[in-house]
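What follows is a short report on a single structure.
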2 protein chains.
Amino acid sequence: MNAQAAGQVPEGYDPHAFEPFAVTVDLAVFTIREDRLHVLLVRRGQDPYKDCWALPGGFLLPRESADDAARRELAEETGLSDATVAHLHLEQLRTYSDPDRDPRMRVVSVAYTALGPDLPEPHGGGDAAHAQWLPYGTQGPLAFDHDTILADAHERVGAKLEYSCLATAFCPPEFTLGELRQVYETVWGVPLDRPNFRRKVLATPGFVRAVEGPPRLTGGRGKPAALYRAGDATALHPPLLRPEGRETTA
Amino acid sequence: MNAQAAGQVPEGYDPHAFEPFAVTVDLAVFTIREDRLHVLLVRRGQDPYKDCWALPGGFLLPRESADDAARRELAEETGLSDATVAHLHLEQLRTYSDPDRDPRMRVVSVAYTALGPDLPEPHGGGDAAHAQWLPYGTQGPLAFDHDTILADAHERVGAKLEYSCLATAFCPPEFTLGELRQVYETVWGVPLDRPNFRRKVLATPGFVRAVEGPPRLTGGRGKPAALYRAGDATALHPPLLRPEGRETTA
DNA sequence: GCAAAAGTGTTTCTATTACACCCATGA
DNA sequence: TCATGGGTGTAATAGAAACACTTTTGC
């Protein structure tokens, strides 16, 4: 049957007569804290998977797109201001629809990946109370199929760093090239050659643009570094491919 | 609210009490016929969008994943044998969930991209009766948001040719390097340098493997070409980037 | 012979890699 | 002054691009 193609719902169809599908969003939210990749997880209080960690997420409202639902949930779970959340990078990952992925009922989940600069500890009322940043890789088995979703999200982020300017989404508005390089090193788990990385980034038009004037800033010790902001470009041509065969499984 | 995170559905929830979401799959099926990219479309017989072309697709069955639904619909719409359909490349594109994308009711659609070698004209009973191959770009405005879905699918296929071995999915089991090159040229709408393309493909381990023995085959006139089969590799390292700035908007 | 497509060779150029080296700062 | 990270220079290599040229077929 094809209701859209045939221009009608199946014979005798009534929206309330069928076993309905619930539609949710799940969020894989990444940030970098203290040179480690972290993921936002919530502790489950009830069965199934009581006391397990899970990805934050929730149901779509009746008149809400999945994109809107993802951003709303992101705000609710992190306790961040709407203005801050509005600036986070949010991107659809894929949809998980195995009929048995939730033992309670049929739930189709649209998964999203979100990236942000070193975000604060989640606080405030509501869902954020059970939310916490965990270093990626230390989270143990998650509820439902969230291990799969999280692994897919991580792989996607790693791949997108190669051919997009996504890395700046992990950085604050102004950042040094060293910080940008650490984003790549942290997500990929590989050390990169500093001089070559610098040239590559600066040679890509629109990846970053230098902040005006002589102001400089240091990240502790060492020579103060120049500051940059994210540029207009979204694609990276040619790509910045991750070195193969030296992954250190960070 | 976050029913998964909270371990329960919202207060007083009953699966039949809410306005339910319908979940469908939509298919952007591409093939190459006579050196042109074609897409499989169905003619709508009823309102809304009566007499418009639309992407094939349909509802998920109660105990069916989106992947399974996509492959089932693909078989139904093309009228191809299950064995043939089982070999077609099928890949999730993304999910479209705008609340107003279908004027009749709330429909969340998981879109898929399918690729195959020169597929026959759809025939047989059922939905296939209204299905037809149309050259990509000549389809005019489609029903619902299917123009967006189709454009996204085309862009995705073009991008994946760069860094994956996907092009062989457009080819029959045995093919010449000329046919493989025409896949790239057809999808990208750019002519490629024959010698360089050949070297690139043969230099990528596992992209193609030569068919044994001296057998050769001609595609009409010109020197007979060696035959190849798809190899084991799925990724293309380094990628085969499409030339920029010379797109001929095929 | 001629057109058309396969296949080989070669040269040029660009991009990446792997370094060595100097600079500016905090401790 | 030493450790640390920023920034510049450079030679070697790999890959891409552009193009000439030969081969083998159909007509």
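All chains are named by letter (A, B, ...) in the order of the sequence lines, taking the proteins before the strands, and each is independently numbered beginning at 1. The structure presented is a predicted model; accordingly, all values stated were derived computationally and were not measured.
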Return all side-chain donor-acceptor pairs below 3.5 angstrom for residues 225-240 of chain A, not counting sequence neighbours, or 'none' if the list is empty.
| residue | atom | partner | partner atom | Å |
| --- | --- | --- | --- | --- |
| A:R229 | NE | A:E174 | OE2 | 3.4 |
| A:R229 | NH2 | A:E174 | OE2 | 3.3 |

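Nearer to the 5' terminus of DNA chain C, by closest-nucleotide assignment, is the contact made by A:P239 (compared with the other of A:D193 and A:P239). Along DNA chain C, the nucleotide nearest A:P195 and the nucleotide nearest B:T176 are compared for position; the residue whose nucleotide lies closer to the 5' end is B:T176.
Between C:dA15 and A:R199, no contact under 4.0 Å exists linking OP1 or OP2 to a side-chain N or O. Contact annotation: A:K200 does not reach the phosphate of C:dA15 (side-chain N/O to OP1 or OP2, under 4.0 Å).
With sequence neighbours excluded, the residues that form a salt bridge (Lys or Arg N to Asp or Glu O under 4.0 Å) with B:D118 are B:R33.
Using a 4.0 Å cut-off between charged nitrogen and carboxylate oxygen, B:R242 and B:E155 count as a salt-bridge pair.
Comparing C:dT16, C:dA6, D:dT25 by their closest approach to the side chain of B:P224 singles out D:dT25. In this structure, the nucleotide among C:dA6, C:dT8, D:dG7 sitting nearest to the side chain of A:R198 is D:dG7.
Judged by distance alone, with hydrogens and angles left aside, B:R194 brings a side-chain donor or acceptor within reach of the base of C:dA6, the pair sitting under 3.5 Å.
A cation-pi arrangement is found for A:R94 relative to A:Y96, the charged atom lying closer than 6.0 Å to the ring centre and inside a 45° cone about the ring normal.
The interatomic distance linking A:L192 (CG) with D:dG6 (P) rounds to 13 Å, in whole Å. Between the P atom of C:dG7 and the CG atom of B:L177 lies a distance of 6 Å, rounded to the nearest Å. Nucleotide C:dG7 holds its P atom 15 Å from the CG atom of B:N196, rounded to whole Å. With rounding to whole Å, A:L202 atom CG is found 9 Å from D:dG7 atom P. Separating the NE2 atom of B:H237 from the P atom of C:dA15 is a distance of 20 Å, rounded to the nearest angstrom. Rounded to an integer number of Å, the gap from B:L241 CG to D:dA17 C1' is 13 Å. Per the geometry, OH belonging to B:Y184 stands 13 Å off P belonging to D:dA17, to the nearest Å. Counting to the nearest Å, the C1' atom of D:dT8 and the CZ atom of A:F197 are 17 Å from each other.
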Report task. Would you check, one step at a time, whether the test side chain to side chain donor-acceptor pair (under 3.5 Å) holds for A:D67 with A:Y112? Result -> CA-CA 8 Å; A:D67 282 22; A:Y112 281 78; 2.4 Å; yes

